[in-house]
*Asks:* 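Here's a structure for you.
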Amino acid sequence: MPRHQRNDQASGGSQRQLRVGELIRHELADMLSRGDIHDPVIQAHLITVPEVRMTADLRLATIYVMPLGGRDVEAVIGALERNKRYVRGEIARRVNLKFAPEIRFRADERFDEAERIEKLLRTPAVQRDLDGEKDE
């Protein structure tokens, strides 16, 4: 395996994958902010799109979403899944690609992970260790 491929995979993808993912992220965020997706669940929530990951062949886009406040995640993802065909068509029209990528929606787990780490950092054992370093 050539060296550059291993580095690309470690950093989250090739430059092209990152660029296309960012284009799709911007277009979907624009669609959500303008209210282009006519679904009561989607229109009732403010939805963030922190990341879009593309496969190496650009045929599959995994779109990570999170409703503001983290509420009703399953309902929002279900609504996006119901409107997947429309979203894919709009992305194909707005982003100039040879093929319109298949899309799938996933909940963004980074917020949960950050909260878990924050709670760990506030535990008495960690605070004791941090206070011990200050004394030295």
Side-chain angles (χ1 to χ4, degrees):
M1 175 183 275
R3 181 179 172 100
H4 68 278
Q5 286 180 343
R6 272 182 282 171
N7 289 341
D8 289 346
Q9 290 172 353
S11 67
S14 69
Q15 188 68 32
R16 187 161 188 236
Q17 285 172 272
L18 295 172
R19 183 175 49 82
V20 171
E22 192 63 14
L23 287 171
I24 291 172
R25 187 183 76 79
H26 277 277
E27 291 303 331
L28 180 59
D30 186 48
M31 290 168 58
L32 291 169
S33 67
R34 289 182 181 203
D36 292 348
I37 304 172
H38 302 291
D39 188 288
V41 174
I42 293 172
Q43 291 181 342
H45 291 86
L46 291 174
I47 302 169
T48 60
V49 185
E51 182 180 14
V52 175
R53 291 187 190 163
M54 300 297 299
T55 56
D57 61 0
L58 304 179
R59 298 274 184 138
L60 176 65
T62 303
I63 301 171
Y64 293 90
V65 296
M66 181 58 67
L68 194 64
R71 296 187 188 128
D72 304 326
V73 175
E74 295 302 320
V76 167
I77 290 179
L80 289 167
E81 287 289 335
R82 285 192 303 274
N83 292 283
K84 183 189 292 194
R85 188 172 176 186
Y86 172 76
V87 172
R88 183 178 182 216
E90 283 297 303
I91 288 172
R93 190 175 64 76
R94 296 176 184 205
V95 180
N96 186 21
L97 295 172
K98 186 173 183 179
F99 299 101
E102 288 292 324
I103 58 176
R104 63 181 176 195
F105 295 98
R106 299 285 184 261
D108 185 26
E109 303 293 333
R110 287 185 284 186
F111 297 110
D112 295 336
E113 184 66 16
E115 184 178 334
R116 185 185 70 79
I117 291 170
E118 185 69 29
K119 284 180 182 176
L120 282 173
L121 290 173
R122 282 192 241 129
T123 60
V126 172
Q127 290 300 317
R128 184 186 67 237
D129 290 346
L130 291 175
D131 290 340
E133 286 179 6
K134 289 179 186 176
D135 294 341
E136 293 176 5

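The figures that follow rest on heavy atoms only: side chains count, while hydrogens, waters and symmetry mates do not. Remember, predicted model here, so these are calculated numbers, not experimental data.
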*Asks:* Would L60 and I24 show up in the same hydrophobic cluster when neighbours are defined by side-chain heavy atoms closer than 4.5 Å?
*Replies:*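 Looking at the clustering, I24 is in a separate group from L60.
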*Asks:* Looking at side-chain heavy atoms only, is the closest gap between Y64 and R53 below 4.5 Å?
*Replies:*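 Side-chain contact under 4.5 Å: yes.
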*Asks:* Check M66 against D108 and note the closest heavy-atom contact, atom names and distance.
*Replies:*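 Result for this residue pair: CE-O, 2.9 Å.
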*Asks:* Between L58 and P101, which heavy-atom pair has the shortest distance, and what is it?
*Replies:*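 Minimum heavy-atom contact is O-CB, 3.6 Å.
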*Asks:* Would you compute the distance between atom CZ of R25 and atom OG1 of T48 and round it to the nearest 0.5 angstrom?
*Replies:*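 It is 9.5 Å, given to the nearest 0.5 Å.
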*Asks:* Counting C-beta onward and ignoring hydrogens, is there a side-chain heavy-atom pair between D72 and V41 closer than 4.5 Å?
*Replies:*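 They are not in side-chain contact.
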*Asks:* Drop me the distance from K84's NZ to I77's CD1, to the nearest 0.5 angstrom.
*Replies:*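 Going from NZ on K84 over to CD1 on I77, the span is 11.0 Å.
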*Asks:* Does a sphere of radius 6.0 Å around CG in L121 hold more than 12 heavy atoms from other residues, nucleotides or ligands, not counting ones at 6.0 Å or beyond?
*Replies:*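 Atom CG in L121 is crowded, with more than 12 foreign heavy atoms closer than 6.0 Å.
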*Asks:* Hey, is R19 close enough to E22 for a salt bridge, meaning N to O under 4.0 Å?
*Replies:*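 Salt bridge absent between R19 and E22.
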*Asks:* For R85, enumerate each residue passing the side-chain hydrogen bond (donor to acceptor under 3.5 Å, both in side chains) test, keeping only those at least two apart in sequence or located in another chain.
*Replies:*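 Result, side-chain hydrogen bond (donor to acceptor under 3.5 Å, both in side chains) vs R85: none returned.
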*Asks:* Please list all pairs passing the salt bridge (charged side-chain N to carboxylate O under 4.0 Å, His left out) test where one or both residues lie in residues 96-107, with sequence neighbours left out.
*Replies:*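 The answer is R88-E102.
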*Asks:* Mind listing the closest non-hydrogen atom pair of G13 and L18 along with its distance?
*Replies:*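 Between these two residues, the closest heavy atoms are O-CD1, 3.9 Å.
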*Asks:* Compare all side-chain heavy atoms of L28 with those of V52 and state whether any distance is below 4.5 angstrom.
*Replies:*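 No, their side chains stay 4.5 Å or more apart.
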*Asks:* State, to 0.1 Å, how close V65 and F105 come at their nearest heavy-atom pair, and which atoms those are.
*Replies:*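 Closest approach of V65 to F105, heavy atoms only: CG1-CD2, 4.3 Å.
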*Asks:* Kindly compute the distance separating CG (L80) from CD1 (I63), expressed to the nearest 0.5 Å.
*Replies:*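 It is 8.0 Å, given to the nearest 0.5 Å.
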*Asks:* So L68 and H45, do their side chains get closer than 4.5 Å, heavy atoms only?
*Replies:*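 Contact flag for H45/L68 side chains = no.
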*Asks:* If you count heavy atoms of other groups shown closer than 6.0 angstrom to CZ of R93, is the number above 12?
*Replies:*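 Enclosed: over 12 neighbouring heavy atoms sit under 6.0 Å from CZ of R93.
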*Asks:* Can you tell me how far the CD atom of E90 sits from the CG atom of N83, to the nearest 0.5 Å?
*Replies:*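 Answer for the CD-CG pair, E90 versus N83, is 11.5 Å.
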*Asks:* How about F99 and L97: do any of their side-chain heavy atoms sit closer than 4.5 Å?
*Replies:*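 The answer is no; the side chains never approach within 4.5 Å.
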*Asks:* What side-chain donor-acceptor pairs closer than 3.5 Å can you find for residues 31-38, not counting sequence neighbours?
*Replies:*
{"from": "S33", "atom 1": "OG", "to": "A29", "atom 2": "O", "distance (Å)": "3.3"}
{"from": "S33", "atom 1": "OG", "to": "D30", "atom 2": "O", "distance (Å)": "3.0"}
{"from": "R34", "atom 1": "NE", "to": "D30", "atom 2": "OD1", "distance (Å)": "3.1"}
{"from": "R34", "atom 1": "NE", "to": "D30", "atom 2": "OD2", "distance (Å)": "3.4"}
{"from": "D36", "atom 1": "OD2", "to": "R94", "atom 2": "NH2", "distance (Å)": "2.9"}

*Asks:* Within a reach of under 6.0 Å around CG of N96, are more than 12 heavy atoms found that belong to other residues, nucleotides or ligands?
*Replies:*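 Count not over threshold, so no.
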*Asks:* Does R16 have more than 12 heavy atoms from other residues, nucleotides or ligands lying within 6.0 Å of its CZ?
*Replies:*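 No - once you tally the heavy atoms of other residues, nucleotides and ligands closer than 6.0 Å, there are 12 at most.
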